[in-house]
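First, the structure itself, so that you have it in front of you.
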2 protein chains.
Amino acid sequence: MDHSHIDQVRRFNRVVTARTGALSESYLGRGRPLGQARVLFEVGPDGSDIATLRESLGLDSGYASRLLKALEAEGLVTIRRDGGDKRRRLVTLTAKGSSERAAYDALSDRLAQSMLDVLAPTQRRRLVDAMAEVEALLNAGSVTIAAEREESSDALACIAAYFRELDQRFENGFDPGKGGYAGTPAAKNPAGAFLIARLHGRAIGCGALKALGPSTAEIKRMWVAPGARGLGVARRLLAALEDEARGLGMGRVVLDTNRSLVEAQTMYRKAGYREIARYNDNSYADFWFEKTLGSAA
Amino acid sequence: MDHSHIDQVRRFNRVVTARTGALSESYLGRGRPLGQARVLFEVGPDGSDIATLRESLGLDSGYASRLLKALEAEGLVTIRRDGGDKRRRLVTLTAKGSSERAAYDALSDRLAQSMLDVLAPTQRRRLVDAMAEVEALLNAGSVTIAAEREESSDALACIAAYFRELDQRFENGFDPGKGGYAGTPAAKNPAGAFLIARLHGRAIGCGALKALGPSTAEIKRMWVAPGARGLGVARRLLAALEDEARGLGMGRVVLDTNRSLVEAQTMYRKAGYREIARYNDNSYADFWFEKTLGSAA
DNA sequence: CAGGATATCTGACTAAAGTCAGATAAATGG
DNA sequence: CCATTTATCTGACTTTAGTCAGATATCCTG
């Protein structure tokens with residue numbers, strides 16, 4: 001890889017950590033160790049249970065217990081049994097705790113503010129836009145893709161969102177029941193797969209594989225949530241589906257698409273797909289593609 | 001200010017600190033406390049004196065002393081007297097120290113690498129570009145502007161760079177001795193000022209103020225280093241010069257500029273300057289501007 | 001209902017980070 | 001040359017962060 005890229009990233013890391021490190025320091029200004037401040041903040045306005053806190057902050061059980069006890073002694077939180085599972089304990093902020101938390105919140109705001117303050121409106125806009133871009137692309141690195149059951153609630157939600165989008169984008173709308181579209185669900189078709197892309201646990205995309213014959217699989221239901229587009233998730237989903245197909249011994253994948261999904265067609269071509277003749281009777285399809293799979297990626 | 005901007009900055013801070021926090025953790029992987037690792041890294045390939053280390057890492061003198069002693073005991077650095085000032089001590093890496101430092105360097109590289117790895121080339125480019133933008137704009141906040149002596153070496157270097165640039169950009173070149181350009185140096189003209197813009201100590205821009213009469217000052221030698229453009233430094237320099245003029249009791253500032261400096265003209269107009277008739281015999285000038293100064297900004 | 005799993009707490013630690021008040025030696029400024 | 005300042009070191013601390021091995025109470029499963 002180009003080393004100038006790495007240098008830029010390192011320069012970025014240096015500058016940004018110097019800036020954001022100021023936040024931890026300003027937190028200390030309230031006379032409370034950082035650990036306690038972080039817990040107080042993480043409890044949040046609606047409270048939380050200890051297990052969730054430990055999970056999200058990565059704390060040892062003993063350590064968490066002591067931090068909370070310190071906050072309780074200061075009168076910032078109250079800890080009580082969970083009504084359902086009596087082993088669990090729920091943490092909620094007292095009035096005093098809420099106002100302390102609000103103070104930390106204000107400090108975070110002030111730091112953010114101070115990054116923008118010195119800039120003119122034009123530069124401010126540019127900074128915010130660039131930050132959004134960095135954030136999105138860094139998050140892209142945390143996107144995981146894994147096979148899941150097609151009947152899971154996340155899978156169904158993805159498919160529903162996908163259908164909804166098709167209905168909006170196709171010239172004459174879209175009805176999953178019509179047009180010879182409905183395929184055999186993967187459950188009834190063992191030689192298939194359903195992949196879900198997740199970002200921090202949230203499902204943000206999906207794609208399905210369905211066997212058409214002994215050596216050909218069809219890719220269907222490729223969808224990426226609008227907020228996660230432009231991050232290469234679709235490209236990765238496609239590659240993962242091809243890997244699945246390869247794993248099932250398939251030598252070729254095909255897919256169809258509608259003329260209104262222009263970005264998809266561009267992506268398919270870039271991924272090595274080439275247009276072929278109609279291979280099914282899906283009345284929503286305008287283009288058909290295929291790709292021959294090599295033995296390895 | 002728009003709160004959505006603040007929210008974006010805070011989201012950015014969260015995501016980025018989570019990512020860069022990984023660096024500290026990976027540093028711990030070499031079995032040495034972070035404090036020691038940071039000192040070892042900061043010593044750098046060419047060595048450093050203790051005072052500089054303390055300054056840049058913000059360490060207490062006792063703490064620094066102990067950290068260095070630990071590194072010395074491990075055989076990673078040697079500490080010896082400064083030849084000149086014998087109170088000072090110089091720290092240099094041993095061969096072993098250099099290779100340890102290189103290992104930390106490689107860890108930083110690997111972290112940077114890992115941020116890029118998962119992305120496709122297109123997204124990689126976008127991330128690097130956005131990072132460069134964020135870095136530059138955050139640095140813009142650290143730019144300081146202060147009056148300095150016009151004869152200081154940094155001031156002279158700025159002016160030299162400015163003249164060199166004019167020579168390149170003007171259609172027929174530029175010679176500071178010719179064309180009625182040379183003004184009375186500020187030193188001989190008490191009612192004036194010379195401002196330098198600095199980023200982390202480095203001079204990155206300048207601007208001078210020279211009295212033309214009891215209530216009119218001229219702005220000259222406005223220059224910003226090419227690498228620091230687009231950050232609003234010129235705008236801030238201009239505003240600072242106007243403040244200086246105001247402080248000197250001036251009610252009006254004027255300036256001249258060459259037709260090839262298009263961005264400058266745009267900036268002047270945006271800052272409230274309006275074009276006036278020729279007021280001097282500078283043969284390099286094509287446009288003349290003035291601005292009436294209110295009592296407060 | 002027995003036996004294991006879970007959620008939390010307690011006590012007993014350790015290491016790291018950092019602070020503070022001198023002590024020492026060299027430099028600097030009148 | 002004397003008083004100050006500066007650069008560093010030493011010893012004696014404190015606080016924070018974090019770990020680990022039980023102890024306890026509750027829940028879940030067969």
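Residue numbering restarts at 1 for every chain, and letters A, B, ... go by the order of the sequence lines. Small disclaimer: the values here were computed from a predicted structure and weren't measured.
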So does B/Arg81 get a side-chain nitrogen or oxygen closer than 4.0 Å to the phosphate oxygens (OP1/OP2) of C/dA26? yes
If the cut-off is 4.0 Å, is B/Lys69 near the phosphate of D/dT8, judged by side-chain N/O to OP1 or OP2? no
Provide, to the nearest angstrom, the distance between the CG atom belonging to A/Leu59 and the P atom belonging to C/dA7. 16 Å
Interatomic distance, B/Leu68 CG vs D/dA7 P [rounded to whole Å]: 16 Å
Geometric class of the B/Tyr27/B/Phe41 ring pair [parallel <30°, tilted 30-60°, perpendicular >60°]: tilted
Compare the minimum distances between each of C/dT8, C/dA16, C/dA27 and the side chain of B/Pro33, then state the nucleotide with the smallest one. C/dA16
Rounded to whole Å, please give me the gap between OH in B/Tyr63 and P in D/dT8. 18 Å
From C-beta outward on B/Asp60, which listed nucleotide comes closest to its side chain: C/dT19, C/dA26, C/dC9? C/dT19
Residue pair A/Gly35/A/Gly83 against DNA chain D: nearer the 5' end by closest nucleotide is A/Gly35
In terms of side-chain heavy atoms of A/Lys86, which of D/dC9, C/dA27, D/dT26 is nearest? D/dT26
When only distance counts, do a donor and an acceptor, one from the side chain of B/Arg66 and one from the base of D/dG11, lie under 3.5 Å apart? yes
CD1 of B/Ile79 versus P of D/dC9: gap in Å, rounded? 6 Å
Name the closest nucleotide to the B/Arg88 side chain, picking from C/dC9, D/dC9, D/dT8. D/dT8
Which value, rounded to the nearest 0.5 Å, describes the distance between A/Leu90 atom CG and A/Arg80 atom CZ? 5.0 Å
Counting only heavy atoms not in B/Arg30 (residues, nucleotides, ligands), do more than 12 fall under 6.0 Å from its CZ? yes
Measure from CD on B/Glu55 to C1' on D/dA7 and round the result to the nearest Å. 14 Å
Heavy atoms only: give me the nearest B/Val91-B/Leu53 pair and the separation to one decimal. CG2-CD1, 4.1 Å
Side-chain donor or acceptor of B/Arg87 under 3.5 Å from a matching atom on the base of D/dT8? no
Heavy atoms under 4.0 Å, any strand shown: does A/Gly58 hit a base, just sugar-phosphate, or nothing? nothing
Hey, does A/Asp85 reach any base, or is it just sugar-phosphate, or nothing, if we go heavy atoms under 4.0 Å? sugar-phosphate
What is the distance from CG of B/Leu90 to C1' of D/dT8, rounded to the nearest Å? 13 Å
Assess the side chains of B/Arg32 and B/Tyr104: does a donor N or O sit below 3.5 Å from an acceptor N or O? yes
Nucleotide C/dT6, atom C1' - distance to CG of A/Asp82 in whole Å: 13 Å
Look at the side chain of B/Leu34 and decide which nucleotide, out of C/dA17, D/dT10, C/dT10, has an atom nearest to it. C/dA17
Give a yes/no answer on whether the side chain of A/Arg89 brings an N or O atom under 4.0 Å of OP1 or OP2 in C/dC9. yes
Just the rounded figure in Å: distance from C1' of D/dT16 to CZ of A/Arg30. 19 Å
Can you see whether B/Thr78 engages B/Thr92 through a side-chain donor-acceptor pair at a distance of less than 3.5 angstrom? yes
